[in-house]
Amino acid sequence: MEGAATRTVITSTSSSTENFSNPTLVYERQFLRTASGLLVFAEIVFGLLVWMLIAGTEYFRVSAFGWVMFVAILYWVLTVIFLIIYLTMAYNRIPQVPWTTVGLFFNSSATVMYVVAAAVDAASISHAVKGRHNYNCWVASTFFAFLVTLCYAGSTYLSFKFWRLEG
């Protein structure tokens, strides 16, 4: 065939698993026995109580509780994700991420956001009649919001210590 062009195709393969030495995730049983693990577990339990106590009421009548719900649910979900990362030691599979810096930023932002949310929660209690369902739940959620704030502050302190040791 006259004028027919030939093409040469060169293919190559590359392995993207060079940083992933172990294809399976490992379960770190001892994590929940450390101070960091206990704080993460407490953050999850107390954070869950915060948003469940508010969600069980007519919180939508007081717009400030929308902010408290946002903070409580956002940080609860993110803390559960971090717990899974810690328990499965997935952080070892992604060494490019500065995990101590990420942990410090996450815990310090959670502390600040929860301080604001707990203060808003406490200030919004006055919208309920004392002794009624909404009032009791909102008081309890305020207590747990301040408690989870203390847990995140403890996690921030530990994250800062780990960050200083790394740097």
Between [atom1] of [X] and [atom2] of [Y], what distance do you get to the nearest 0.5 Å?
X	Y	atom1	atom2	result
Glu43	Leu147	CD	CG	10.5 Å
Lys161	Arg164	NZ	CZ	12.0 Å
Tyr86	Thr79	OH	OG1	9.5 Å
Ser141	Phe146	OG	CZ	10.5 Å
Leu104	Tyr157	CG	OH	13.0 Å

With heavy-atom distances below 4.5 Å as the criterion, would you say the side chains of [X] and [Y] are in contact?
X	Y	result
Tyr114	Cys151	no
Met52	Leu49	no
Val148	Tyr152	yes
Trp51	Ile54	no
Val80	Ile84	yes
Ile44	Leu83	yes
Leu158	Leu39	yes

Report task. Taking ring pair (Phe, Tyr, Trp, His ring centres under 6.0 Å) as the test, write out the residues that go with Trp163, two or more places apart. Result ->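 By the ring pair (Phe, Tyr, Trp, His ring centres under 6.0 Å) rule, Trp163 matches Phe160.
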Query - Of Val77, Asn107, Val102, Leu87, the residue whose pairing with Phe82 passes side chain to side chain contact (heavy atoms under 4.5 Å, CB included) - result: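 That would be Val102; it is the only one of Val77, Asn107, Val102, Leu87 passing the side chain to side chain contact (heavy atoms under 4.5 Å, CB included) with Phe82.
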Query - Pairs flagged by side-chain hydrogen bond (donor to acceptor under 3.5 Å, both in side chains) wherever residues 122-139 is involved - sequence neighbours left out - result: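 Sorted result for residues 122-139: Thr57-Trp138.
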Requested in this report: Could you list all the side-chain hydrogen bond (donor to acceptor under 3.5 Å, both in side chains) pairs where at least one residue sits in residues 61-71, not counting sequence neighbours?
Outcome: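 Of all non-adjacent pairs touching residues 61-71, those that pass side-chain hydrogen bond (donor to acceptor under 3.5 Å, both in side chains) are Glu58-Arg61.
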Linking I/L/V/M/F/W/Y whenever their side-chain heavy atoms sit closer than 4.5 Å, directly or via other members, would [X] and [Y] fall into one cluster?
X	Y	value
Leu48	Ile81	yes
Phe46	Leu74	yes
Val115	Trp76	no
Val40	Phe105	no
Ile73	Phe144	yes

Could you tell me which non-hydrogen atom of [X] sits nearest to which non-hydrogen atom of [Y], and how far apart they are?
X	Y	value
Ile85	Tyr91	O-CD2, 3.7 Å
Thr100	Glu166	OG1-OE1, 2.8 Å
Ala118	Thr149	CB-OG1, 4.3 Å
Val120	Val68	CG1-CG2, 3.9 Å
Val71	Met113	CG1-O, 3.9 Å

Query - Side-chain donor-acceptor pair present, Thr156, Thr111, cut-off under 3.5 Å - result: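 There is such a pair between these side chains.
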Query raised in the report: Any side-chain donor paired with an acceptor under 3.5 Å for Thr88 and Glu28?
Result: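 No donor-acceptor contact under 3.5 Å links the two side chains.
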Query raised in the report: Taking it one step at a time, do Phe106 and Tyr75 satisfy ring-ring contact (aromatic ring centres under 6.0 Å, His included)?
Result: CA-CA 9 Å; Phe106 172 74; Tyr75 281 101; 5.6 Å; yes
